[in-house]
Amino acid sequence: MQEQAAHAILDGPADIVIAAATAGGKTEAAFLPICSLLVGAATGSVRVLYVSPLKALINDQYSRLDALCEHLEIPVHRWHGDVDTAKKHQVLREPSGVLLITPESLEALFVLRGTQVSGLCGGLQFVVVDELHSFMGTERGRQLQSLLHRLELTVRRRVRRIGLSATLGDMSLAAEFLRPRERERVTLITSSAEGHELRVQVRGYERPARIKPTAKSNSQLDQTPSGTGDTEDSLDDISIAQHLFRVLRGSHSLVFANSRMEVEFFADLLRRECERLKVPNEFWPHHGSLSRDLRQDVEAMLKDRSRPTIAVCTTTLELGIDIGAMSSIAQIGSPPSVASLRQRLGRSGRRGDPATLRVYVREEEVTLDSAPQETLRLQLIETVAMVELLLRQWYEPPVTGQLHLSTLVQQVLSVIAQCGGARPIEAWTALCKTGPFESVSQGMFAGLLRELGVHDLLTQSTDGTLLLGGAGERIVNRYDFYAAFVSPEEYRLLAGGKPLGTLPISQPIVEGMSLIFAGRRWRVVSFDELQKVIEVVPSAAGKPPRFGGQGGTKHDVVRQEMFRVLRGSEVPRYLDATAQQLLREGRAEFRRLSLDTCSVVQRGDCTYLFPWRGDRASNTIMLHLRALEFDAVAEAGVVGIFKAPSAALATTLRRLSDMGPVDAVELARTVRNKGSEKYDWSLSESLLCEDFARRALDPQGAWEAIANIVSARGVESESP
DNA sequence: GACCTGCTGCGGATTG
């Protein structure tokens, strides 16, 4: 790979995507040849712009590149929110060498120093984008594409782009992202050093059915001020913690949980186990709401091999900083996606050692009121499906074809701030016709500008030039303008004046309540609603807080693989005895319900449809039925319809099947809370519908699923 | 019943 990359960089003018597993030497593969081209000609302008999604990664790469470039006399600079302004001024005065920057800082450069960018980057030769895959399909990715395009417009020429990416199923998507409209001209270099040994175990656990607390007993618990709102650790969680303790203690490992709440829960449980046995604690939590200091402490312990460290973490330790090879990876609950499971696995088993993965799956004990999702053991089935896809090296592609109108609003405001004004046709040409918002027509753009005028984000001078309106000025001049994504308001959590981290504002806070945070137990002693500060002191009791968040989405292929697993009879060797038993139970229930030939199940007054499709398709079916006045919900890919007369439902489904795919934009009109991205509030209802339809709906998939359901038994009865 | 990321600002007068 290194040799191929060197040839591509040194011999030709093409843009390049270099794909390899985590820490596969991508940085060196790109920078060794680039630096050899820079020797003796590294001053007068920034020569290489390296863009990274993380400040931590910039700091990491800075020390590596600085060492590499020192004797070549190539200056290396970093530019992000934690860098002194004096250092930034130094770069502006004498631009040179390699500049490491975040998309947000690049945005700030355009807004605040629009006229200086051409001087800073006049002699730019390369743009290197690290962790390219993490940008694809996101608001931030579209922002980055726009910034790179605006950079080329500013320096009035094309600049070579090099993307460093994880391996994707379809690498041409990475090429298209790196150089929109010209993917065939991008050179793809993929590391072949992928297939080393993998050891997998999936362990099943059954959680005893809980007696649901009545509303009364629940509220009494909440009101108890002494903080006895302690969690009763359930038996399955204790068994999982005991197993983790036994197999991981003494090692360097990562335990991925699917939520910050669960990270806190298990970190606390494992620390208490260490205390009970009077051994030093080796288990530490790591997630995005912990203070930077606490996170860096854990990262330093992982890097320092002198004492065992096990981090219980969320996606924070999935990519980015170099922590060295872990001896094994644990995953609690089925992973968010196959792609993410692959990234997590990449943290273990380098240098010829096998990669080791243990997945812990919990299923509820089946009772008389269990829904089919539970009796079918869908958690376990999903995990098996994902492991099978991982072994076949299939990974979810990013969602393409989105409009990203919220990000377009940000970019329109930014272009106007950069240039001090712009004509509508110039803005459309720069951002849409030649830029990354290629699906936005001139007419749609005009509509968007009108709406921005209505909200006073823009005004138009007499000669037609667009200028920032009063509200637009206020937004652009705030420091939070530079990020394309929203961030929720948060409380700061302090213990003895030291920051522990943050809690989302949605969390109800009362003085005297106790909570688990940063793997320890605390009691709230004071709470300042104006300053958004919570003071805590150590405590013996506590439960992990809810952090909130939005549900994830599963891909069509994962659900189709689940169907295949349920229909099959093979029992994978990587399942433990309980997991095997759960798989057999799920398959028996699948056969009992005849789900291989019929996708409708009636239970009580609820009808369940099984489309075996991704969440975009099943949500589309659910919304379509709701628009027709059915009381429908979609959960884990299953559509449940309450109190629907079966004849009426059958007729409706047959009609939908005959109609063909629904008009997704029309369907979006029936959805009330579509807005979720940063500037969605400034869009008209019709633009928001266009955006939502492409972001969240799958009319084709929904229609195919309905047609399948109708053509199978269940809905066949043809009596008029 | 989800996760993560990021981020400003000047210029001239005065003093030693």
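Only heavy atoms go into these numbers, but all of them, side chains included; no hydrogens, no water, no symmetry mates. Residue numbering restarts at 1 for every chain, and letters A, B, ... go by the order of the sequence lines.
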Gap between atoms CZ and C1', on A:F256 and B:dC4 respectively (whole Å): 13 Å
A:R292/A:D82 under side chain to side chain contact (heavy atoms under 4.5 Å, CB included): CA gap, chis, key distance, verdict: CA-CA 12 Å; A:R292 200 172 59 204; A:D82 300 339; 2.9 Å; yes
Distance (rounded to the nearest 0.5 Å) between A:L405 CG and A:F437 CZ: 8.5 Å
Distance in Å, A:R616 CZ paired with A:N619 CG, rounded so as to fall on 0.5 Å steps: 10.0 Å
By side chain to side chain donor-acceptor pair (under 3.5 Å) - contacts of A:S146 (at least two apart): A:Q411
With sequence neighbours excluded, residues passing side chain to side chain donor-acceptor pair (under 3.5 Å) with A:R344: A:E318, A:Q331, A:S340
Nearest-angstrom distance from the residue atom CG of A:L57 to C1' of B:dC4: 14 Å
Salt bridge flag under 4.0 Å for residues A:R150 and A:E107: yes
Residues which pass side chain to side chain donor-acceptor pair (under 3.5 Å) with A:Q116, listed by chain and number, not counting sequence neighbours: none
d(CZ, A:F135; P, B:dC4) in whole Å: 17 Å
Side chain to side chain donor-acceptor pair (under 3.5 Å) partners for A:D480, two or more places apart: A:R478
Every protein N/O within reach of nucleotides 13-15 of chain B N/O, cut-off under 3.5 Å:
none

Sequence-aligned protein contact record of nucleotides 5-10 of chain B, with B where the base is within under 4.0 Å of a protein heavy atom and S where only the sugar-phosphate is: BBBBS-
